[in-house]
Amino acid sequence: SQKIEQNSEALNIQEGKTATLTCNYTNYSPAYLQWYRQDPGRGPVFLLLIRENEKEKRKERLKVTFDTTLKQSLFHITASQPADSATYLCALGVGGGATNKLIFGTGTLLAVQP
Amino acid sequence: DTGVSQDPRHKITKRGQNVTFRCDPISEHNRLYWYRQTLGQGPEFLTYFQNEAQLEKSRLLSDRFSAERPKGSFSTLEIQRTEQGDSAMYLCASWMTSGKTYEQYFGPGTRLTVT
C-alpha cells in the first residue's frame, strides 16, 4: 500500500539547536517533494521544494535533502527559534507537473523551547 | 495572507443539512484544488480544476459532494445531507500552471462541524 510517514511523535527541542524532521514514503515515485508549515487554524504555507534529481536544497535556515533510493526526505531547521514552533508537512508531487497533485504526510509538530 | 480567501471560516450545521463553501483563488491562477484535513492528519486531496474544468476527483469524494468553478475564478464545494464524519477543515489552494514553481497557495480553510 502507499504510505507517507513523518515523525510520529512531536519534536521538542531547545532554542538554538537544529531540528531534523523526517518524511518516509513507500510505493510512490514522486517527481518532487515539498515542505509546508502549518500554524493552528490556518492553511499550510509553502517552504521548500526539492526535485527527484536534486540531493539538497537550502533557504536561509532551512535545508532539505531527498534520497529517492531510501525514499526519504529530511528537513532541517538550524538555529531554531520559538517562532519556528508549528506543524511541518511533507507533500509528494505525484503525477508530475501536469497535475501538481500533492499527497501529504500526517505532519510533525515541532515545539522549540526558549 | 496568501491571497486565497475562503468563506465562511467556520460552519456549524446539523446532520442532514446541506452546506456550501466558497474559495476565491489568486486571480491569475488557473488551477484550483480542494483538500480535506481532519485533526492530526495532513490534508487529503479531494478534487482539482483547470479553469472551469474539473479534471480529477478523489475516491474520497462521495456522491454527496459536488464542486464547481463556473467561470474559472471562484469555486464552491457543496456537501449534501451532511454526516458527522464530514466534520473537518476544508482547504482550497491555487496554482498557476505557467509559473516557475509548483508552490500551492492555500486559503485559511473552512472549519465544518456537523452536530
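Side chains included, hydrogens not; waters and symmetry mates left out as well; all remaining heavy atoms used. So you know, we letter chains A, B, ... as the sequences are listed, proteins then strands, and number each from 1.
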* Taking the six-membered ring for Trp, are Tyr36(A) and Phe106(B) ring centroids under 6.0 Å apart? -> yes

Please determine whether residues Ile13(A) and Ile77(A) belong to a single hydrophobic cluster, defined as Ile, Leu, Val, Met, Phe, Trp and Tyr linked transitively by side-chain heavy-atom distances below 4.5 Å. yes

Run the ring pair (Phe, Tyr, Trp, His ring centres under 6.0 Å) test on Phe104(A) and Tyr35(B) for me, step by step, so that the C-alpha distance in whole Å, both residues' side-chain angles and the decisive distance to 0.1 Å come before the verdict. CA-CA 10 Å; Phe104(A) 283 85; Tyr35(B) 296 86; 5.7 Å; yes

Find out if a path of hydrophobic residues (ILVMFWY) with successive side-chain heavy-atom gaps under 4.5 Å connects Ile4(A) to Leu109(A).
no

- Query: Strictly by modelled atom types, are Gln104(B) and Gln34(A) linked by a side-chain donor-acceptor pair under 3.5 Å?
  - Reply: no

Highest number of heavy-atom pairs under 4.5 Å with chain A among Met89(B), Glu44(B), Gln37(B) belongs to Gln37(B)

Counting only heavy atoms not in Lys11(B), do more than 12 sit closer than 6.0 Å to its NZ atom?
no

Worksheet entry | More than 12 heavy atoms of other groups within 6.0 Å of Gln2(A) CD | yes

Checking Arg31(B) side chain against Thr99(A) main chain: does a donor-acceptor pair fall under 3.5 Å?
-> yes

Okay, Gln6(A) and chain B: the region with an atom under 4.5 Å from a heavy atom over there is neither

Quick check on Leu70(A): does its CG atom have over 12 non-hydrogen neighbours (other residues, nucleotides or ligands) under 6.0 Å away? yes

- prompt: Are Leu47(A) and Leu33(A) connected in a single hydrophobic cluster, I mean Ile/Leu/Val/Met/Phe/Trp/Tyr linked by side-chain heavy atoms less than 4.5 Å apart?
  reply: yes

Counting heavy-atom pairs under 4.5 Å with chain B, the top scorer among Cys90(A), Gly107(A), Ala91(A), Gly43(A) is Gly43(A)

Interatomic distance, CZ@Phe46(A) vs OG1@Thr2(B), rounded to 0.5 Å, equals 13.5 Å

Bottom line for Tyr105(B): the part with an atom under 4.5 Å from chain A's heavy atoms is neither

- Query: Does CD belonging to Glu28(B) count more than 12 external heavy atoms closer than 6.0 Å?
  - Reply: yes

Within residues 46-81 of chain B, the residues sitting under 4.5 Å from chain A by heavy atom, in sequence order, are Tyr48(B), Glu56(B)

Scored by heavy-atom pairs under 4.5 Å with chain A, the best of Pro43(B), Pro108(B), Ala93(B) is Pro43(B)

Next item on the list: Look at atom CZ of Arg42(A) and say whether more than 12 heavy atoms of other residues, nucleotides or ligands are closer to it than 6.0 Å.
Entry: no

If hydrophobic clusters are built by linking Ile, Leu, Val, Met, Phe, Trp and Tyr wherever their side-chain heavy atoms come under 4.5 Å apart, do Leu112(B) and Val4(B) end up in the same one? no

Are Val19(B) and Trp34(B) connected into the same hydrophobic cluster when the rule is that any two of I, L, V, M, F, W, Y join if their side-chain heavy atoms are below 4.5 Å apart?
yes

Shortest non-hydrogen pair, Leu91(B) vs Pro44(A), comes out as CD1-CD, 4.0 Å

| Worked verdict on Asn100(A) versus Tyr33(B) for side chain to side chain contact (heavy atoms under 4.5 Å, CB included) | CA-CA 10 Å; Asn100(A) 197 14; Tyr33(B) 301 81; 3.2 Å; yes

Honestly, the part of Leu102(A) sitting under 4.5 Å from a heavy atom of chain B is both

